[in-house]
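Let me begin by presenting the structure, written as structure tokens, before commenting on it.
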Amino acid sequence: MTINVRFFASLRERIGHATMTVEADGITTARDVWKAVSGESPDEEMLVAINKEYAGLDRAVADGDEVAFFPPVTGG
Amino acid sequence: MTVEIHEHPFDPWQIMSAYRSKNLVAGKSGASAVFVGTMRDFNEGDEVQEMALEHYPGMTEQQLKDMRDRAISRHDLEGALVVHRVGVVHPGEDIVLVAAFSAHRKAALDACREMMEILKSTAPFWKKETLAQGERWVERNTPG
């Protein structure tokens, strides 16, 4: 299973990368991806997108998916 | 283009004018409602020198297009326009333009307000401010 992970804004700075590739067995949800890349529990406000659409942390991920993590949005 | 992301300063009035002449059928739209958001030089009591605006290329555009399409069908609009700035922005420069065009004023005004609130709460953009004492991320948008 290969997941392309992206981070934006303050989360990118916290993780220290804009993108990462996760190759691991035993990953079934976005929550598992977050744990694999950060080693932490997700904070409640964190937003998740799978293949550029909003998703919940417990949404299933598939091989080749792009999973993005970012803080609350502040546009406009 | 009806959804645009600009990396450099844009003139919302020129874009409005061009959109109206190119995309609207003359005589059908009796109402144009527009919101323009402009960068302030202050936030939370501090002077802000500049701001870096980041987005998620691909996802941001799709979110804005979906928002616009839904507003058009929900309010039976004649047209709608969404423009947003990214990159380094200075006080006085415009950040966002949202416009709605309809036969009567209620639909245009409601749709303009609604699109602005959806954009603020769901479109993937993030602001980082530069103050005299350093940089800070804007953590959340205030309710409209």
Is there a path of hydrophobic side-chain contacts, each under 4.5 Å between heavy atoms of I/L/V/M/F/W/Y residues, joining B:V89 to B:L131?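 Same cluster.
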
Quick check on the hydrophobic clustering: are A:I27 and A:M46 connected, directly or via other members, by side-chain heavy-atom contacts under 4.5 Å? yes

With a sphere of 6.0 Å drawn around [atom1] of [X], does it hold more than 12 non-hydrogen atoms of other residues, nucleotides or ligands?
X	atom1	value
B:H90	NE2	yes
B:Q49	CD	yes
B:Q133	CD	yes
B:R74	CZ	yes
B:R20	CZ	no
B:Q14	CD	no
B:R136	CZ	yes

Might you work through the side-chain contact (heavy atoms from CB on, under 4.5 Å) test for A:E53 and B:Q62, ending with a clear yes or no? CA-CA 9 Å; A:E53 289 186 8; B:Q62 195 56 51; over 6 Å; no

Work out which heavy atom in A:A68 is nearest to a heavy atom in B:Y56; give both atom names and the distance. CB-CE1, 3.4 Å

Given heavy-atom pairs under 4.5 angstrom as the criterion, report whether the side chain, backbone, both or neither of B:Q63 touches chain A. side chain

Contact part of B:S121 toward chain A, heavy-atom cut-off under 4.5 Å: side chain, backbone, both or neither? backbone

State whether the side chain of [X] and the backbone N or O of [Y] hold a donor-acceptor pair below 3.5 Å, judged by distance alone.
X	Y	result
B:H84	A:G76	yes
A:T74	B:E139	no
A:K52	B:G58	no
B:W126	A:P71	yes

Looking at B:K128 and A:E13, is any side-chain nitrogen of the basic one under 4.0 Å from a carboxylate oxygen of the acidic one? yes

What residue, out of B:V86, B:D66, B:N141, has the most heavy-atom pairs lying under 4.5 Å from chain A? B:N141

Between B:L119, B:T122, B:V96, who has the most heavy-atom pairs with chain A when the cutoff is under 4.5 Å?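 Going by pairs under 4.5 Å, I would pick B:T122.
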
Going by heavy atoms in the side chains, are B:P124 and A:Y54 under 4.5 Å from each other? yes

Are the side chains of A:F8 and B:M59 in touch, meaning some heavy atoms are under 4.5 Å apart? no

Cut-off 4.5 Å, heavy atoms of chain B, and the answer for A:E45 is side chain

